[in-house]
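Data first, discussion second: the structure below is written as structure tokens.
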Amino acid sequence: MLLNKLYTYEQVESELPSTLKFKVSINAGHEIFDGHFPGNPITPGVCQMEMLKEILSDHLSQDLFFNSISDMKFISMWAPKESELVFMDIAFKMTEDVYKINAKIYGESTVYFKLKGNANVSK
């Protein structure tokens, strides 16, 4: 949905063996920023959540959907013109038919977004 339009990504080596790490490049010129917010663009929270879902779905080659989110925090505003390159860490564990996910999006010295939740594979 947003992949290759709003953002691109590549996997990079993680310091933690149980965590996937991705380098995410945002398209600061994308039309979504015309309305969120004109003159002071901020990456919408719903887009950050969708990016997380899309990247993990793509990595696992499975279409995922969140069935519950126990904790989600938008810690800092992500201004795409100031931070076109960010990182995303995703730790996940499969239990029965549910992926338990713990993820964050962050820059050099700023954490933008954190999420803990569960996702299932779409049927």
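We number each residue from 1, following the sequence as shown. Predicted model, so just to flag it, every value in this text is computed and none were measured.
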Can you tell if the side chain of Phe92 reaches within under 4.5 Å of the side chain of Lys100, non-hydrogen atoms only? no
So how far is it from Lys123 NZ to Asp63 CG, rounded to the nearest 0.5 Å? 12.5 Å
Sequence neighbours left out, what passes side-chain hydrogen bond (donor to acceptor under 3.5 Å, both in side chains) with Glu54? Give chain and number order. Tyr7
Mind checking side-chain hydrogen bond (donor to acceptor under 3.5 Å, both in side chains) for Gln62 and listing every partner two or more places apart, or none if nothing turns up? Tyr99
Write out all pairs satisfying side chain to side chain donor-acceptor pair (under 3.5 Å) with one or both partners inside residues 104-119, taking only residues at least two apart or from two chains. Lys21-Tyr106, Ser68-Asn118, Ser83-Tyr112, Asp89-Tyr106
Show me the donor-acceptor pairs, under 3.5 Å and distance only, between side chains in residues 23-30 and residues at least two apart or in other chains.
from: Asn27; atom 1: OD1; to: Gly29; atom 2: N; distance (Å): 3.0
from: Asn27; atom 1: OD1; to: His30; atom 2: N; distance (Å): 3.4
from: Asn27; atom 1: ND2; to: Lys5; atom 2: O; distance (Å): 3.1
from: His30; atom 1: ND1; to: Ile32; atom 2: N; distance (Å): 3.0

Listed by chain and number, what are the ring pair (Phe, Tyr, Trp, His ring centres under 6.0 Å) partners of Phe66, not counting sequence neighbours? none
Atom pair CD1/CH2 of Ile105 and Trp78 - distance to nearest 0.5 Å: 5.0 Å
Clusters formed by hydrophobic residues whose side-chain heavy atoms approach within less than 4.5 Å: which one holds Phe37, and what are its other members? Ile42, Met77
Restricting to side chain to side chain contact (heavy atoms under 4.5 Å, CB included), what partner residues turn up for Ser61, sequence neighbours left out? none
Got Phe65 and Val121 here, is their nearest side-chain heavy-atom distance under 4.5 Å? no
Check whether any side-chain heavy atom of Cys47 lies under 4.5 Å from a side-chain heavy atom of Leu6, and answer yes or no. yes
Pairwise distance CD1(Ile90) to OG(Ser18) - rounded to 0.5 angstrom: 12.5 Å
Okay, side chain of Ser14, backbone of Thr19: is any donor-acceptor separation there less than 3.5 Å? yes
Does Leu20 offer a backbone N or O that forms a donor-acceptor pair with the side chain of Gln11 under 3.5 Å? no
If you look only at pairs with a residue in residues 10-29, which of them pass as a ring pair (Phe, Tyr, Trp, His ring centres under 6.0 Å), with sequence neighbours excluded? Tyr9-Phe22, Phe22-His59
Closest contact, heavy atoms only, Phe33 versus Pro44: CE2-CD, 4.1 Å
Take Phe113 and Met88, measure what side chain to side chain contact (heavy atoms under 4.5 Å, CB included) needs, and give me the verdict at the end. CA-CA 9 Å; Phe113 169 80; Met88 181 182 294; over 6 Å; no
Working to the nearest 0.5 angstrom, can you tell me the gap between Ile69 CD1 and Leu115 CG? 5.0 Å
Is there a side-chain contact between Leu56 and Leu64, using heavy atoms and a 4.5 Å cut-off? yes
Report the residues that fulfil side chain to side chain contact (heavy atoms under 4.5 Å, CB included) with Glu82, sequence neighbours left out, ordered by chain and then residue number. Ala79
Applying salt bridge (charged side-chain N to carboxylate O under 4.0 Å, His left out), can you list everything that pairs with Glu50, at least two apart in sequence or on another chain? Lys53
